[in-house]
Each structure stands twice: as C-alpha cells, then as structure tokens.
Amino acid sequence: MANWTDETRIALDNMRDSVTGLFVPTIRLGVTGLSRAGKTVFITSMIQNLIEGDNLSLFAPLAEGRLIGAQLSPHPNAAMPRFAYEEHLKALKGEDRHWPQSTRQISQVRLMLKFQPDHWATAWAGPREVHLDIVDYPGEWLLDLPLLDKNYREWSDDALQKAHAPARANIAEDWLNLTLKADATAPLDEEMATRLSNAFKAYLQACRADEHALSALPPGRFLMPGDMDGSPALTFAPLPAPDATPKSDSLYAQMERRYEAYKNIVVRPFFRDHFARLDRQIILVDALTALNAGSDAVKDLEKALSEILTCFKTGNNPLWTRFFSTHIDKILFAATKADHMPHTNHDRLGDVLGLLVKGARQRAHYQGAETQSMALAAIRATHEGEVEHEGKMLKTIIGTPQKGESLGDKNYDGTSEIALYPGNLPENPDSIFEDEQSYKGKLKFLRFRPPVLDNATRQKSGLPHIRLDRALNFLLGDKLQ
C-alpha cells in the first residue's frame, strides 16, 4: 500500500503527534461513508450534542457525571479545510431548515473534551483534557486506496469486467461502445481521450443513481473532482490491453501515465497525510437505498465495504509502537437513516448491516481491532405513529417530505407533514441476497426535511437522534476513563 518514503513520513508525523500529545492526548476519529450516507449531519450532530451535553443518556462519561464539558478548539492544521460546523448547524436549526451540503473534500475540526477519570490511579490528579480531532472525508476516496496495489492493466481489466456484469451492462453501453472504437495503439488523440474519460465518468455517475445504487465505483475523484476537474490526472479511462507493447506516444501509454499520476498526486498523499494516522473510525452506510434498489445493489455494497476494510491499518495500539505507527483499534459500522423506519425495524436494519460487513469485521478482529455495527440516525427527522389498515394497526413514521419528493402520483411541496408506512425489513437478513425482485421497490422511502425544533431546542439543547449516544460510547467511552 505505502512505499518506504510514505512509511518514513508517517512515522515522523506520528512521532511529532506523540510528543505534542504528552500533556494533552489527541484522538483522531475518521468519519466516512459512501455518497449520501450522512457524514456531514453525523459530525454536526455529534459536535452539537457533545457541547450541549443533555441528550446523550447512554454515553457513559456523561451518564456517570464525569464529562465536564466540550468546546471547539483552534483549528490544528493550517493546510486542511476546517469542517464548517457553524454553517451546517445554522442550516439545520434555521427557520428554512434544510440539510447541509454534503461532503466534497477532506476537512477537520477539533474539540477539547474535559472529564474526570474514573480510575483510582488517575482520578486523584483531577480533571483531564483530551483533543478530539474529527476528520471528515468522502468514502469514495477509500475505494481508491486499493489502486495503489494495482497497475493500469489490472485496474482496466477489473473495471471492464465489472462493466460487463448484468447489473451494469446496460448502464455502461455507451462507454463500452466508445471503447471499442478507440485504437489504443494509435498516437494520443486528446479529443478521444477526453471523450473516453467523460463517457466513463458518466457511467460511474449513472451507477450511483438511486435506481441502481451501486457502490464499488473507483476512481473516487471522478465522482467528486473538485478543483482538479479537467486536469490530465483526472482525464483517463480503462482500456483493453493491446496484444503488442504500445509505443510511448500511444493512447494506451498516455492513459497508463495519467492513471499513475492520479495515484501519485491524489491517492498516495491522502493515504500518507490523513488516512494512515487515524485512531478510530466510523463508516456510515446507506443500506436502505441499496435494499430498495435490489439484490445487485446490495451485493455491490457488500463488495465496496469489503474493499474499504482492506485499506485500514487495523489492530491494537500498544504503548511501545505509538510513537512510530498508528493503527485503528475500533471501527463502528453504522446504518444511517434509522428514522426512516419504525423502531421495530431498527434492530433488523442493524442485522442487515451486520451481514453486509461480516467478512470485513472478521478480518478486522483477526488483526486485533474491535468492531461493532448498529442502526442510527444522527438527527431524527421523524416521529412514530400508527394507522389502521384493513383491520390492522400499522407502524408509521411522521415527518415532512422535502420539496420535490414524490410517492406514486403524489408530489410533496416541502410544507405538509405526512404519515408513511415504509414497509418492514426481513426478519431473516440472509434474504437480502436472494433474487433481484426480493426487496426491490417494496420499501417506501422519502427524503424528509430536518425536524421542527421548539425554541428551547433551537437555542440550547442537543439535536434529537437515534443511538448517537451508543455510537459515541463505543468510539470514545474508553478514552475518557
């Protein structure tokens, strides 16, 4: 994954962090998830609830009265964008409440947590402080990390094989047809290179749409190019390997060079400077959208999650290695949007996620990391009710759909509250891998606006959530003992 130069820089950075953390330790928590999993909302709610400290009853340091307080601290990294917490909170709590803009780039924010230790050996010294550095980054970037161990030919073969699979063949048709017309051995034609790259990117974007909800879609920056849009390092596409060795000025050779440039300019610095230095990790998963898209989407999500886990440096962090190397010793998998289902389905949603990450969790356990999976909603946008239907009482969720959402022939204007029966998840999670029609379209999901907050909650109270406190207890509880 990393060469010796990267490993040396990682070790030096870890030594620097260890020295500066002798008096105030630092926990680096990575927050990621594939597109629309709710990373920005999770971090905003997490920070706000830790600062307000009145809505986390299952977070042991708070429940035991040992968490004295939390506050934002000066930004620790001048070279990294700061997570726009205040802007995101304003969007959620404002009169025109709306969900904040989703994660587009890596960012970071630091909290200072002050607590009273509960162990006799340390409690005598009084309250302690710890920095919590929350690192937010797009999950799509994780899917790039395996590229460090693949050459251009291997990546092309894998991408082309995936594109011919039944779940993708129709989506990839335009790009594959253009690939057949391209002469990989001919001298570079910049117009053809751009057309191939744009067609490949359009295919990846179409795969991600809700009706397909596919997840294993590297390169990640092709979906989120940011300020690199149009650069040569983002203007390439897979090509079948020619029979003979291509000339250095050929289309194939240029695509190969741009692929290697992408790894060196984009992927390797992300791994070296950020990813390899995390202590704890939460991976947010939008399992409901995949379920609603059918078994192909579910299988693809499982594959993507498995590939993501192979990238983590997992294991315990014994004292004698912390100065040189950091390992992620706790990973939480969280199925988001639990508020889109009645509480009777929350454990089922957690079981579905547990099945999706079963293999990944086993590998992490083998390497010495502790893992857990659960369903949660970082901000609860709905509440529950019941309706009678054909003599039966059905559990519903009640909320305000976003403007433009529709269900059947009903279109919503963003102002009307409705009661929705979303259906039920399977008691047996293994059924999600059955035939394509097993759950496709049988669950009813809408995107709801953030909840209406009363004046007290809007001014000074923790945002409503589902199981956020359990998540924080797993990720941070042992660090505040």
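Quick caveat, the model's predicted, so the values are computed rather than measured. Scope of the values below: all heavy atoms of this structure, side chains included, with no hydrogens, waters or symmetry mates. Counting begins at 1 with the first residue of the sequence.
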inquiry  = So, applying salt bridge (charged side-chain N to carboxylate O under 4.0 Å, His left out) with Asp286, which one of Arg36, Lys337, Arg208 is it?
reply    = Lys337
ask   = Taking the side chain as C-beta and beyond, is there a heavy-atom pair between Asp133 and Ile27 under 4.5 Å?
value = no
ask   = Is there side-chain contact between Val387 and Met393, with heavy atoms separated by less than 4.5 Å?
value = no
message = Is the shortest side-chain heavy-atom distance between Leu147 and Arg268 below 4.5 Å?
response = no
request  = Please check if the side chain of Thr44 supplies one atom and the backbone of Thr40 the other of a donor-acceptor pair under 3.5 Å.
outcome  = yes
query = If you measure from NE2 on His75 to CZ on Arg82, what distance do you get to the nearest 0.5 Å?
reply = 7.5 Å
Lys/Arg N to Asp/Glu carboxylate O, Arg168 vs Asp296, below 4.0 Å = no
task = For His389 and Lys392, indicate whether the former's side chain and the latter's backbone hold a donor-acceptor pair under 3.5 Å.
result = no
key: Atom of Phe42, atom of Ala378 and distance for their closest heavy-atom approach   = CA-CB, 3.5 Å
task = Check whether any side-chain N or O of Lys330 sits under 3.5 Å from a backbone N or O of Phe474 as a donor-acceptor pair, and report yes or no.
result = yes
request  = Before accepting this row, confirm whether a basic side-chain N of the pair Lys395/Glu384 lies closer than 4.0 Å to the acidic partner's carboxylate O.
outcome  = no
key: Asp478 and Arg280 ion-paired at < 4.0 Å   = yes
Any donor-acceptor N or O pair under 3.5 Å, side chains Ser461, Asn55 = no
Side chain Gln48, main chain Leu463, donor-acceptor under 3.5 Å = yes
inquiry  = Measuring only between side-chain heavy atoms, which start at C-beta, is Leu113 closer than 4.5 Å to Ile68?
reply    = no
inquiry  = If you compare all heavy atoms of Glu388 against all heavy atoms of Gly391, which two are closest, and at what distance to 0.1 Å?
reply    = OE2-CA, 3.9 Å
message = So that I can tick it off, tell me whether Asp430 and Lys358 are bridged by a salt bridge, with the cut-off set at under 4.0 angstrom between side-chain N and carboxylate O.
response = no
message = How long is the straight-line distance from CG of Leu472 back to CG of Asn49, given to the nearest 0.5 Å?
response = 8.0 Å
query = If you look at every heavy atom in Pro238 and Leu160, which pair is closest and at what distance?
reply = CB-CG, 4.4 Å
task = Verify the distance criterion only: is there a donor paired with an acceptor across the side chains of Ser306 and Arg363 at less than 3.5 Å?
result = yes
task = Please work out whether the ring planes of Trp141 and Phe270 are parallel, tilted or perpendicular, with thresholds of 30° and 60°.
result = perpendicular
query = Do the side chains of Leu143 and Leu34 get nearer than 4.5 Å, heavy atoms only?
reply = yes
message = Quick check: do Thr32 and Gln281 have side-chain heavy atoms less than 4.5 Å from each other?
response = yes
request  = Examine distances only and state if a side-chain atom of Thr396 and a backbone atom of Leu420 form a donor-acceptor pair shorter than 3.5 Å.
outcome  = no
Residues Ser431 and Asn428: side-chain donor-acceptor under 3.5 angstrom = no
key: Polar side chain donor-acceptor pair, His365 to Thr371, under 3.5 angstrom   = yes
query = Is there a donor-acceptor contact under 3.5 Å from the side chain of Tyr262 to the main chain of Arg221?
reply = yes
ask   = Would you call the rings of His343 and His346 parallel, tilted or perpendicular if under 30° counts as parallel and over 60° as perpendicular?
value = perpendicular
Donor-acceptor under 3.5 Å (Arg28 side chain, Ile134 main chain) = no
request  = Report yes or no: does Trp99 contribute a side-chain atom to a donor-acceptor pair with the main-chain N or O of Arg447 at less than 3.5 Å?
outcome  = no
ask   = Which atom names give the shortest non-hydrogen contact between His340 and Ile397, and what distance separates them?
value = O-CD1, 3.2 Å
message = If you define the side chain from C-beta out and look only at heavy atoms, does anything of Trp155 sit under 4.5 Å from Pro146?
response = no
query = Is it true that a side-chain atom of Thr382 and a backbone atom of Ile398 form a donor plus acceptor pair closer than 3.5 Å?
reply = no
